[in-house]
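See below for the structure under consideration.
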Amino acid sequence: MSTLQPTLELRGIKKTFGHVSALKGVDLAAYSGEVLAIVGDNGAGKSSLIRTISGVYRPDEGAILVEGEQQAFSNPAAARAAGIATVFQDLALIEVLDVATNMFIGQYPRRGPFVRRKAMEREARAFLDELGVSVASVRTEIGMLSGGQRQIVAIARAMRTGGQVVLLDEPTAALGVRETAQAADMIRTLRERGNAVIVVSHDMSLVFELADSIQVMRLGEVAGVRRRTDTTRDEIIGLITGAITGDRLTA
Amino acid sequence: MKNIVRRIAGAQQLGIILIIVVLLVVAQAANPQALMPSNIVEILRSSALYFIGASAATLVLVGGGLDLSIGSVFAVGGVAAGIAMNAGVPWPLAILLALVVCGMLGLINASLITWVGVPPFIATLGMLFAASGIVIVVTGGTPRFGFPAAFTDLGQLNLFGIPLLVFYAVIIGVLAHVVLAHTVFGYNIRAFGGSAPAARANGIRAAQMNVSLYVISAVVAGLCGVLLAARVATADPGAGGTGFAFQVLAAVIIGGTSLFGGVGTIAGTALGALLFAVINNTLALTNTNPQWQNVATGVILVTAVAVDHLRRKRRFAVRSA
Ligand SMILES: Nc1ncnc2c1ncn2[C@@H]1O[C@H](COP(=O)(O)OP(=O)(O)OP(=O)(O)O)[C@@H](O)[C@H]1O
Ligand SMILES: [Mg+2]
């Protein structure tokens, strides 16, 4: 396992906002065909970490490596071009635009300067059907969908962009039972496709159901990284709350 | 068939089409010349410049922006071309020069908005004042004239009995429609206007969008100024102004473009511009005090936005704020 090259690797990432030190030297390794869950209390720095990887924030210090190559993302477009697809916590969907357009924003099928609308709708439809996602029409505006349906569309979009690394920030927050199961299926599909998947979640059942590895964040630092098969819920919760002292050695 | 009926009935612009038809019927009843081809051509001619300006303004509003400065950039366009021609610059070059000057003003608007973070309303309001002041200072407030016939022909000649101005409007309108509805740039405009943070997270560059939109807006406003100068053979430093800016914005909004960005069509804008021309024309043919035009503009503007708001609220149920 450790002999393999990580698809995505972070080394000593630091990020401060004014006086707040959101990330204090974070390491991370995500491997192809594996799900890495990131857990931690509110304000632990999970979203900051995701935003840094996806090019929304620039780290103050540290290195981001994709397939062993060091990268510096000056914006989200650069991260996407390097194969990093993200489902943000606040979704980043556009309510006044339809499902098909939202699934292809920034990457429309095109002929010269023109968007191939029919091809786009056909592909969006086929893609959602394949995932078993129930959306009446790909011409439906996002604003008319339920919160759960929107989340599913957001995940579908990240899957469609086909990056090697897929980041999901709390993909099942506010989802019903059916949509949570659907989102879990989609994440498994990503793993089977050989993507390196990073999921931020507060849902321990989901984490233990899906993850290959679990990385615990605490106050902007890595409190520990565990293989799911070598740990228990109690240990993870202890690391989250600080009841078990963090060990930087496993990171 | 049923589908078509439903589509027409559901069309946002149905109300405007109805008002236009009613006005034409009233005008025809009062004056049998109303529906003569010559009067229809006059309606089209008088809406041409507004429609050209409104096409660009539609792109800006759909992109989540606002450009009030088109009023004085209009004057900059005409006056700059006039000064250049008076100085002996050949007319095609003079037009080009005028459009470049206007484009620079658009670039200043975009820079203030993108890099300084000034809200579009303030940045372009500032430009509205500043540019109109500069035009007056540079010209001393006196109009320029004495242009070559080839230049004034651009605004005065007819083709098949229809003014060239109408052809320009159609060409620019079709172009704007194709860009907005079918190109990657148009999709990006709608995404950026629909939600700038979401668009950015998906790789759309804010700077690139703002620069494109405000430069297009300024160049087109300047072009309108140049065309008016050609039509009346005079470059008036007081041309355009807030009257032009607000008429154009009213036409765009009545045509169904949202002030909040993301939503709007050139077809709707064309109807909005046409509506104003028909109102004016009907008032003239029925010998009504032309001041009623302002009253009608105000009432229709507010009604259009209110109706749109209610429709949207119903469609999106509780969800949309
Ligand atoms: N843009 C920002 N400006 C200032 N402070 C920020 C910013 N983003 C994050 N922070 C701060 O950084 C810290 C980590 O926040 P972050 O959103 O990464 O936490 P999180 O682990 O995702 O929490 P949650 O579980 O609530 O989503 C918090 O103290 C937060 O207030
Ligand atoms: Mg978060």
Side-chain angles (χ1 to χ4, degrees), chain A residues 50-51 54-57 73-82 84-98 100-118 120 140-147 149-150 153-154 157-158 160-161 163 167 169, chain B residues 3 7 10 12 59 61-64 114 174-209 212 256-265 308-309 311-321:
Chain A
I50 295 293
R51 294 206 172 105
S54 59
V56 177
Y57 297 155
F73 304 134
S74 49
N75 55 50
R80 261 172 74 144
I84 296 174
T86 311
V87 180
F88 291 98
Q89 191 168 5
D90 43 16
L91 289 181
L93 294 176
I94 296 173
E95 294 198 11
V96 296
L97 300 182
D98 57 68
T101 305
N102 264 283
M103 285 186 62
F104 284 85
I105 289 173
Q107 299 184 324
Y108 309 101
R110 54 196 289 176
R111 183 179 296 121
F114 297 103
V115 171
R116 294 169 56 218
R117 174 86 215 178
K118 289 230 176 67
M120 184 169 90
T140 313
E141 286 159 38
I142 291 289
M144 298 176 73
L145 300 182
S146 74
Q149 288 174 311
R150 289 184 206 198
V153 170
R157 176 173 71 186
R160 199 206 59 75
T161 59
L167 313 172
D169 195 355
Chain B
N3 231 329
R7 262 185 75 178
Q12 195 170 13
L59 302 188
L61 280 184
V62 172
T114 308
V174 168
L175 203 68
H177 165 76
V178 170
V179 165
L180 184 59
H182 299 295
T183 66
V184 171
F185 179 50
Y187 272 73
N188 286 347
I189 291 175
R190 280 181 280 147
F192 188 61
S195 163
R200 248 181 271 127
N202 286 290
I204 295 170
R205 308 250 168 92
Q208 210 173 309
M209 294 308 296
S212 316
T257 294
S258 165
L259 258 178
F260 305 106
V263 177
T265 61
D308 179 52
H309 180 73
R311 193 192 317 245
R312 209 169 283 274
K313 225 163 99 179
R314 208 173 47 204
R315 261 182 90 189
F316 288 109
V318 221
R319 245 170 261 132
S320 123

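Each chain gets a letter, A, B and so on, in the order the sequences are listed, and its residues count up from 1.
Considering only heavy-atom pairs separated by less than 4.5 Å from chain A, the leading option among B:Val179, B:Asn188, B:Ile204 is B:Asn188. Here B:Ala198 is the residue among B:Ala198, B:Gly203, B:Ala181 with the most heavy-atom pairs under 4.5 Å with chain A.
Residue contact with chain A, scored on non-hydrogen atoms closer than 4.5 Å, involves the side chain of B:Arg205 exclusively. Using a 4.5 Å cut-off between heavy atoms, A:Val115 touches chain B through backbone and side chain atoms alike.
Interatomic distance, CD1 of A:Ile105 versus OG of B:Ser195, reported as 8.5 Å (0.5 Å rounding). If you take CZ on B:Phe192 and CD1 on A:Ile94, they are separated by 10.0 Å, rounding to the nearest 0.5 Å.
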Next on the checklist: Between B:Tyr187 and A:Arg110, is the side-chain contact (heavy atoms from CB on, under 4.5 Å) condition met? List the steps.
Outcome noted: CA-CA 11 Å; B:Tyr187 272 73; A:Arg110 54 196 289 176; over 6 Å; no
Checklist entry - Given B:Asn202 and A:Arg157, is the side-chain contact (heavy atoms from CB on, under 4.5 Å) satisfied, shown in steps? => result CA-CA 11 Å; B:Asn202 286 290; A:Arg157 176 173 71 186; 3.5 Å; yes
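Between B:Arg190 and A:Leu97, some side-chain heavy-atom pair lies under the 4.5 Å cut-off.
When all heavy atoms of B:Ala201 and A:Pro76 are compared, the closest pair comes out as O-CB, 3.5 Å.
By the salt bridge (Lys or Arg N to Asp or Glu O under 4.0 Å) test, A:Arg80 is found to be paired with no residue, residues two or more places apart in sequence or in another chain being considered.
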